[in-house]
Number of protein chains: 2
Amino acid sequence: MRNAEKETVRSLELFSDMSDKHFEELLVGSFLQRFPASVILFSETDLTDFLHVLIDGQVELFASTNNREGTMTLIRPVATFVLASAITDGVYQLSARTLQSSQILMIPAQNIRAAMSEDRKFAERSVRELAHCYHGVVRAYKNMKLRTAVERLANYLLVQHRRQGESHALVLPVEKRVLASMLGMTPENLSRSFVTLKPYGVKVDGSEVSITKLKDLETLAKPSALIDNK
Amino acid sequence: MRNAEKETVRSLELFSDMSDKHFEELLVGSFLQRFPASVILFSETDLTDFLHVLIDGQVELFASTNNREGTMTLIRPVATFVLASAITDGVYQLSARTLQSSQILMIPAQNIRAAMSEDRKFAERSVRELAHCYHGVVRAYKNMKLRTAVERLANYLLVQHRRQGESHALVLPVEKRVLASMLGMTPENLSRSFVTLKPYGVKVDGSEVSITKLKDLETLAKPSALIDNK
DNA sequence: GACGCCGCTTGACAAATGTCAAGTGAATGT
DNA sequence: ACATTCACTTGACATTTGTCAAGCGGCGTC
């Protein structure tokens with residue numbers, strides 16, 4: 001593991017104010033590995049061996065039951081994932097696959113648990129990180145429960161628009177089938193939802209989307225600070 | 001606050017191994033209060049003043065956007081709620097109302113944050129509690145995303161059946177309209193879903209439900225350890 | 001360049017879910 | 001005892017969402 005990557009990880013809020021000594025101990029037995037796209041990293045029923053840190057690339061967390069599958073969230077670098085599972089010391093609860101070639105640091109879960117009891121700063125940071133993750137899922141859950149498919153898409157586009165600098169055109173960061181799954185609908189339905197949004201100034205060309213009537217789109221989407229803000 | 005209630009709270013896992021001194025400090029400025037049924041305790045947009053501990057009664061956490069409202073979860077005694085918000089020091093993110101007359105201990109959120117940095121045992125317990133809550137929402141989210149309304153009802157009944165000692169009849173712990181909202185459907189739809197389950201051995205009489213063909217119901221519900229357990 | 005693969009779209013249809021309106025029955029208050 | 005309220009149910013219908021099948025078009029392989 002090179003210094004550049006080590007520093008990248010070190011500067012994550014979660015690790016930022018733990019002692020150097022504890023940080024080094026955390027890395028004992030860790031792997032930094034590059035995976036190609038479309039690789040299953042772990043399945044939701046596996047025991048949690050590692051806390052994962054996505055350094056580069058893109059990872060999808062998804063769940064399955066009874067032949068159905070749904071994207072729960074997308075991980076974008078640089079970020080940790082499955083912290084809660086690493087702490088609980090049970091199964092992952094979610095499956096993960098790479099969407100692109102990805103570089104991932106895998107830290108043994110037991111190192112995390114050890115650091116938790118040895119380093120109070122780390123414990124405090126973990127509390128905040130988990131509280132943050134918790135609210136993230138709550139937002140996703142609200143989004144799913146209180147909005148229709150078209151509204152979810154409209155709000156997704158508004159969020160991307162803002163994130164990508166409010167420029168005229170935004171780029172969908174994932175394939176449409178993954179986007180559909182993330183928004184809780186079928187790919188067919190996503191296509192139709194885009195058509196529905198046409199009168200509201202949404203033009204789609206491949207993975208490029210332009211928004212020409214922001215106000216109209218917002219009227220339809222009715223964005224909510226408690227769901228869409230981050 | 002009487003000793004009985006204090007001990008009840010003290011024995012919650014979250015507080016169980018913090019020092020007596022810190023526990024007493026936690027309670028400075030706390031209120032123990034009884035609320036009648038159907039009282040709004042706080043709204044999702046309020047700043048988080050208190051960590052709540054439900055001693056007795058029943059509380060509903062719900063969310064609203066755009067005239068729609070959905071039950072997110074039910075709190076049953078004895079349990080804390082809105083820990084994540086108390087830590088984050090932002091808004092509650094969820095609204096709360098009493099469903100029955102309820103006795104609630106309200107601990108100032110800043111006491112919680114103070115205890116977090118002073119008592120490492122408490123910080124560790126908080127981490128576990130939050131990880132647990134996180135998985136709880138993830139399960140609810142999976143349930144919502146991967147199942148139909150009838151399946152959610154069927155699995156709900158199976159869980160209640162198990163919790164209530166696998167006896168012949170179980171009792172719905174909430175009004176049907178609240179149950180409907182919790183399961184993400186309208187009351188009308190819940191009624192029809194019960195009718196749909198009739199051929200699978202589900203008989204409903206008011207709030208009493210009996211399950212006569214457990215196997216058949218399980219075949220329909222296809223319960224999943226990662227969604228329904230715990 | 002021809003072929004096949006794959007992601008996406010579209011149409012036709014089916015299933016799931018919501019809405020509106022009316023009606024039942026039990027609980028409550030006068 | 002009567003009226004009122006309210007939760008729940010039921011029916012008819014609308015909307016939303018999913019399914020299946022076909023076709024388009026880009027992209028890589030041979």
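Computed from a predicted model, the values in this text were never measured in an experiment. Worth knowing before you read on, the calculation uses all heavy atoms, side chains too, and leaves out hydrogens, waters and symmetry mates.
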Legend entry - Spacing between B:E175 atom CD and C:dA27 atom P, to the nearest angstrom: 14 Å

Legend entry - Check: B:Q58/B:Q100 side-chain N/O donor and acceptor closer than 3.5 Å: yes

Legend entry - Interatomic distance where CZ belongs to B:R192 and C1' belongs to C:dA15 [whole Å]: 14 Å

Legend entry - Nearest-angstrom distance from the residue atom CG of B:N67 to C1' of C:dT19: 15 Å

Inset, instruction - Assess whether one donor atom and one acceptor atom, taken from the side chain of B:R152 and the base of C:dT17, lie less than 3.5 Å apart. - result: no

Legend entry - For atom CZ of B:R177 and atom C1' of C:dG18, their distance in whole Å: 18 Å

Inset, instruction - Pick base, sugar-phosphate or nothing for B:E188, based on heavy-atom distances below 4.0 Å to the nucleic acid. - result: base

Inset, instruction - May I ask you to say whether B:E7 pairs ionically with B:R10, meaning some side-chain N is under 4.0 Å from a carboxylate O? - result: no

Legend entry - A:L99 CG to C:dG7 P, straight-line distance once rounded to whole Å: 12 Å

Legend entry - Interatomic distance, A:Y141 atom OH to B:M72 atom CE [nearest 0.5 angstrom]: 6.0 Å

Legend entry - Most 5' of B:K176 and A:G184 on DNA chain D, judged by nearest nucleotide: B:K176

Legend entry - Contact boundaries on DNA chain D for chain A, cut-off under 4.0 Å to non-hydrogen atoms: D:dT17 to D:dC20

Inset, instruction - Indicate whether OP1 or OP2 belonging to C:dG18 is found under 4.0 Å from a side-chain N or O atom of B:N189. - result: yes

Inset, instruction - Test ring-ring contact (aromatic ring centres under 6.0 Å, His included) on A:F42 and A:Y92 and set out the steps. - result: CA-CA 8 Å; A:F42 50 80; A:Y92 278 106; 3.7 Å; yes

Inset, instruction - Nearest whole angstrom, please: distance from the C1' of C:dT10 to the CG of A:L190. - result: 14 Å

Inset, instruction - Return no unless some side-chain N or O of B:T186 is found under 4.0 Å from OP1 or OP2 of C:dG18. - result: yes

Legend entry - B:T71 and B:E60 side chains, donor-acceptor separation under 3.5 Å: yes

Legend entry - Any side-chain donor near an acceptor of the partner, A:S101 and A:R34, under 3.5 Å: yes

Inset, instruction - Quick one: do B:E69 and B:R97 satisfy salt bridge (charged side-chain N to carboxylate O under 4.0 Å, His left out)? Show the steps, please. - result: CA-CA 13 Å; B:E69 187 183 301; B:R97 82 163 62 90; 3.0 Å; yes

Legend entry - Residue closer to the 5' end of DNA chain D, B:V174 versus A:A149 (nearest nucleotide): B:V174

Inset, instruction - Would you mind reading off the distance between A:K198 atom NZ and C:dT9 atom P, rounded to a whole angstrom? - result: 11 Å

